[in-house]
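Down below is the structure, laid out as structure tokens.
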Amino acid sequence: MSADPRVSVHPDSSVLLAAIAARLITKLVDTQDRYGEATVVLTGGSTGIGTLEALAASSARRAVNWAKVNVWWGDERFVEADSDERNSRQAARALLDDLPLDPERVHVPGAAGEFATADDAAADYARRLAEAAAREHAADYSDHRPDEPGALPRFDVLLLGVGPDAHIASLFPEMAAVRETEKLVVGVENSPKPPPSRISLTLPAIRSAEEVWMVVAGEDKAGAVGLALAGAGPVQVPAAGARGRSRTLWLIDAAAAAKVPVELVRKEPASA
Ligand SMILES: O=C1O[C@H](COP(=O)(O)O)[C@@H](O)[C@H](O)[C@H]1O
């Protein structure tokens with residue numbers, strides 16, 4: 001089961017970031033009301049980190065019980081733990097360091113120095129995901145996740161930025177990682193965007209999320225967004241392969257929407 005994309009276009013990137021932050025707060029609060037906890041998968045990149053900065057600027061973030069939020073990453077750069085290139089480090093600076101999170105619920109992928117290769121760090125991340133899935137099953141979230149227990153915990157909402165080349169997470173066009181159909185996490189070498197070594201969830205792992213939110217701003221992304229929504233293949237256009245089980249939401253600004261087929265666009269008001 002997967003949900004067809006729905007597109008919401010916001011007038012500019014600052015409105016977009018504030019709107020994504022507001023949606024995320026609501027999503028986390030609603031999920032916690034129902035299940036007591038909530039799980040978010042974060043993305044790096046300009047819109048991903050911008051969303052966290054917008055969340056940090058919103059007093060409504062206090063509506064969330066952050067001690068009961070599980071945090072994972074869709075991808076991470078395989079560099080030293082203290083490198084500013086790490087998506088998790090940028091997220092910590094933008095927001096996470098200021099939240100009362102439970103450190104046991106924050107699952108940062110391994111770094112260079114802790115693991116010899118990106119593949120080793122990917123295997124460790126996959127093992128931790130499987131352990132979380134087993135814990136959830138033991139705690140009996142049966143009404144939340146009716147399937148048999150898998151190797152992934154439930155992802156209530158998974159955020160994805162999109163590169164100008166249409167990559168998502170660290171799944172780049174035509175590379176082995178985007179063709180992966182078995183593994184849920186892979187090491188990536190020779191990424192066309194630096195740094196070259198990375199760890200990434202694969203398309204099957206991304207598609208396990210209940211909701212996938214594609215968060216994209218800027219003119220340089222218009223071609224990638226247009227192709228993804230016009231039905232391109234995921235090997236050439238990885239963003240086209242991202243789907244949530246119950247919702248696939250494209251949250252984009254007007255510049256990124258310039259090449260989206262008009263019948264797919266729902267414009268949000270410029271002011272309320
Ligand atoms: O390298 C990465 O790039 C993508 C997109 O980043 P952007 O700056 O073009 O928005 C990001 O989603 C991914 O997490 C990151 O590792």
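In each ligand, atom 1 is the first atom listed, and ligand 1 is the first ligand listed. Numbers for residues simply follow the sequence, beginning at 1.
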Is the closest side-chain heavy-atom distance between [X] and [Y] below 4.5 Å?
{"X": "Val64", "Y": "Gln32", "answer": "yes"}
{"X": "Glu114", "Y": "Asp124", "answer": "no"}
{"X": "Glu210", "Y": "Lys27", "answer": "no"}

Given Glu85, Met214, Arg77, Arg86, which one has a non-hydrogen atom that is nearest to atom 15 (C) of ligand 1?
Arg77
Which of the listed options, Lys193, His167, Arg198, holds the heavy atom that is closest to atom 6 (O) of ligand 1?
Lys193
Show which atoms of ligand 1 fall inside a sub-4.0 Å distance from at least one heavy-atom site of [X].
{"X": "Ala169", "value": "13 (C)"}
{"X": "Thr43", "value": "11 (C), 12 (O), 14 (O)"}
{"X": "Lys221", "value": "7 (P), 9 (O), 10 (O)"}
{"X": "Gly161", "value": "12 (O)"}

Under 3.5 Å, is there a donor-acceptor pair between the side chain of [X] and the main chain of [Y]?
{"X": "Arg61", "Y": "Ser58", "value": "yes"}
{"X": "Arg77", "Y": "Glu85", "value": "yes"}
{"X": "Gln236", "Y": "Pro173", "value": "no"}

Atom 16 (O) of ligand 1: the protein heavy-atom neighbour that sits closest, reported with distance to 0.1 Å:
Asp75 OD2, 2.6 Å
Contact check: Gly44 vs ligand 1, nitrogen or oxygen atoms, below 3.5 angstrom:
yes
Say whether Ser46, considering both its backbone and side-chain N or O atoms, lies within less than 3.5 Å of an N or O atom on ligand 1.
yes
With backbone taken as N, CA, C and O and side chain as the heavy atoms from C-beta onward, which portion of Glu76 lies under 4.0 Å from ligand 1: side chain, backbone, both, or neither?
neither
Relative to ligand 1, is Asn87 under 4.0 angstrom through side chain, backbone, both or neither, heavy atoms considered?
side chain
Working to the nearest 0.5 angstrom, can you tell me the gap between Ile25 CD1 and Arg62 CZ?
10.5 Å
Any chance you could lay out the salt bridge (Lys or Arg N to Asp or Glu O under 4.0 Å) test for Glu37 and Arg154, step after step, and finish with the verdict?
CA-CA 11 Å; Glu37 61 182 88; Arg154 72 175 194 276; 3.7 Å; yes
Please determine whether any non-hydrogen atom of Gly48 lies less than 4.0 Å from an atom of ligand 1.
no
